[in-house]
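Here's the structure we're looking at; comments come further down.
This is a predicted model, so every value here is computed, not measured. Note that ligands are numbered from 1 as they come in the structure, with each ligand's atoms numbered from 1 the same way.
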Amino acid sequence: MAPAREEDFVFTLSDNEDAPLESSEDEAPAAKPSKKRKHENGTSSTTNKKQKKTTVADLKPAPETSDNEEGNWADQGEDDGAMASDFEFIVGETTGVIDDFDGWGQDTEDIEKKSGDKKGVDIDSIISRRKNKSKEELVAVADEEVDEDDEDVFNGIDDDDELLAADAFGMGTESEDSEQSHEDTESEGEDDAGDAEDAADEENGASDNESVASVVPHPMDLESGSSDEEKEDAATAQRKAAFFAPEVPVSKSKSKASGTMSFQDMSLSRPILKGLAAIGFNEPTPIQTKTVPIALEGKDVVGGAVTGSGKTAAFIIPILERLLYRPKKVPTTRVAILMPTRELAVQCFNVSKKMASFTDITFAQIVGGYSVREQEQVLKKRPDIIIATPGRFIDHMRNSPSFAVDTLEILVLDEADRMLEDGFADELNEILNTIPKSRQTMLFSATMTDDIDKLIRVGMNRPARLLVDAKKQTVSGLVQEFVRLRPGREDKRLAYLMWLCEHAYEDRVIVFFRQKKEAHRVRVIFGLCGLKAAELHGSMSQEQRIHAVEAFRSGQASYLLATDLASRGLDIKNVNTVINYEAPQTHEIYLHRVGRTARAGRTGRACTIAAEPDRKVVKAAVKSARAQGAKIASRTVPPEEADAWSKRLEDLQEDIDAVLLEEKEEKSMNNVERDIRKGENLVVHEDEIKSRPKRTWFESQDAKKEARDVGRAELNGELVLGKKTKKKLSGKEKKKLDMKSERTDVRMWKKGKGDAAAAIKKPTKKAKPANTSGAAKAKKPFKPKGKF
Ligand SMILES: Nc1ncnc2c1ncn2[C@@H]1O[C@H](COP(=O)(O)OP(=O)(O)OP(=O)(O)O)[C@@H](O)[C@H]1O
């Protein structure tokens, strides 16, 4: 039986996968704001009762050893040799970073209410029903066949499951290192490192709450703040020198004797300092130290720093500071922050609001999956800052009379390297061509490109290139482990994952998959095995996505089974481990994925299950880890244990299929119900619907699909050069088409100019020349008072 139609699941598009799904639901003509629904929780309490019965004390983590005997297979070739033998496990160490602040705060419910999403299927109930049914069947069978071997039928992970110590990966001898590692791992199991970390974090949180004056240095400060210069040929270096502003060393004049700069040294206003202290940001991270003073001057910035190093605040702080001095008589939208995924936009919105809690600065979160009409109402009020995903931003740009983009003065592209990829090209061009050229532009990413050809498109003016630890790429608190799937055992990947989750990684684990279909299937299997899991990918409704993150964040789910939708930017506290079910398509994505753990100076582990096809990325990861002296380790799963799991999974197949089938049936019923409601709406509200101005679409469904294909090809490293699948229109051509088409009556972005003129007494900046040749633009240094 085919559990789900193949076309229901496509190879994940990484972050871009949400974009094409964004608007179709609530933008349909019949989209009379639907009744608020009871949420479908990613993990229900029904499964909780059936959770894994094994306790931490029962489970002794398997020892990890270095790979002396076999050598490091990932390194075969130029780097042939043993995997670094200097690994050690330090998971469980705690840092002084505040823990009680989380961007995924209370707003979730509020957000959920605004969501116009369709009803999802409660997979937990289905799993729970199936488990009960299987149990009943089992009892019946057991009555009949008393002698049957218990192992034949798997019904969850139970206490009786014996743990076998894993032998070292290819090691016949016990080195000092491996003994040390063994001890560390055992003590880790006994002490329950996660609890220890939680306790310490609680302490930190408490102290931060008690006194905002107590200084909690950010652990990243302990690392070097020096920028890394890449080796490049003379011509490229010359082009870069012309494109980027000359490097200005961070002014030491304002810094303390220690040489480190504080937020106070940055001449930030009191409300901003209070906001920062309230969320425990007492010392700037290196990227913040570099960025804030330059961004305050209104200069363009290209910023790069490792994952979890505080890039969000690096651009939010100067924005808030600048906005404090805006003219307030006429509300005006001045800042747009664009993010590649809805989750990131929601997160950034929550973080920014917290930081601005002592100011009167207003925000709007404009992302797909929520009611367009409610967003229009919010935009009407002209919030100071808009945090958006590109698709929905364009929709409002085109269709919402209340949204005038020509008042924008600052544009931020977060995860900019992703936004600059071809998958987003059309959307980005549309936005860049429409908003004022005179804006300040800031680009940030952990894997920030300084490829000029890509950056030129953005139309920046001699941006400052601010890179911190760009070459280091992963943070020092990260241990990277690799589990090898030998040839012939590739089909046992899932068995290996199950073993790892049963024995080694039990809590606060994100598992990344390349395919949505696989993530979903494994989520069903985890449920059937009593493991508390939530899933996160682009085939889910927005409501379900929010709930999945919330369930994981709150600890209700121990595992988040995700596609690359979650690989970038998501800031969830205390993620202990990131597992790569298979290596991602590129080393960049690997870096973003593993960056979900060991954030803000904490420690964490990343484990990649790797077979032959994963070699390239694993090799790059190992090489880069070695170059920075990061900790790497091999982990072995006992083959007989993996085989046992394989057998269990085979036995479970019938249940898996049954759950997927029931889910599919429930889904179709929901769809029928939805269509009926839609039809009813059409009849009841016909006049109102017909009287609405026609919405214009940035891309047809076909064009969206093509863009998605391009994004997919990029992620999979496929070469699309040469065989152009799609004729791209130039900006001019597009505009011409727009003029001709039915849009003529609703070209709101043009109309917005009049609105803007009314809103703003006089333009504050001269249009910036669009050239990128390096000619200096006369952008005056930022003087807080009176600017804007
Ligand atoms: N100055 C600071 N002091 C203490 N904690 C901080 C500071 N700046 C940021 N943080 C914390 O560090 C964590 C990571 O920050 P952030 O999400 O901005 O990282 P990032 O560099 O954008 O990561 P990614 O590349 O994954 O998007 C957050 O939990 C944030 O609250």
Can a side-chain donor-acceptor contact be found between Q480 and T608 if the only test is distance below 3.5 angstrom? no
Please test V509 against L560 for side chain to side chain contact (heavy atoms under 4.5 Å, CB included), starting from the C-alpha separation and ending with a verdict. CA-CA 6 Å; V509 182; L560 184 67; over 6 Å; no
Would you please test E283 and S262 for side chain to side chain donor-acceptor pair (under 3.5 Å) and show each step? CA-CA 5 Å; E283 293 293 332; S262 70; 5.4 Å; no
Strictly under 4.0 Å, does any heavy atom of G595 approach an atom of ligand 1? no
Work out whether the distance between some heavy atom of R568 and some atom of ligand 1 is less than 4.0 Å. no
Less than 3.5 Å between some nitrogen or oxygen of F281 and one of ligand 1, yes or no? no
Does ligand 1 have any atom sitting under 4.0 Å from a heavy atom of K573? yes
For A305, state whether at least one heavy atom is located under 4.0 Å from any atom of ligand 1. no
Residues H592, T307; criterion side chain to side chain donor-acceptor pair (under 3.5 Å); working and verdict: CA-CA 7 Å; H592 283 285; T307 52; over 6 Å; no
Hey, is ligand 1 close enough to N282 that some N/O pair sits below 3.5 Å? no
Non-hydrogen atom of Q347 closer than 4.0 Å to ligand 1: no
Working note: F444 + F315, criterion ring-ring contact (aromatic ring centres under 6.0 Å, His included); need CA distance, chi angles, decisive distance, verdict. CA-CA 9 Å; F444 282 89; F315 59 78; 5.4 Å; yes
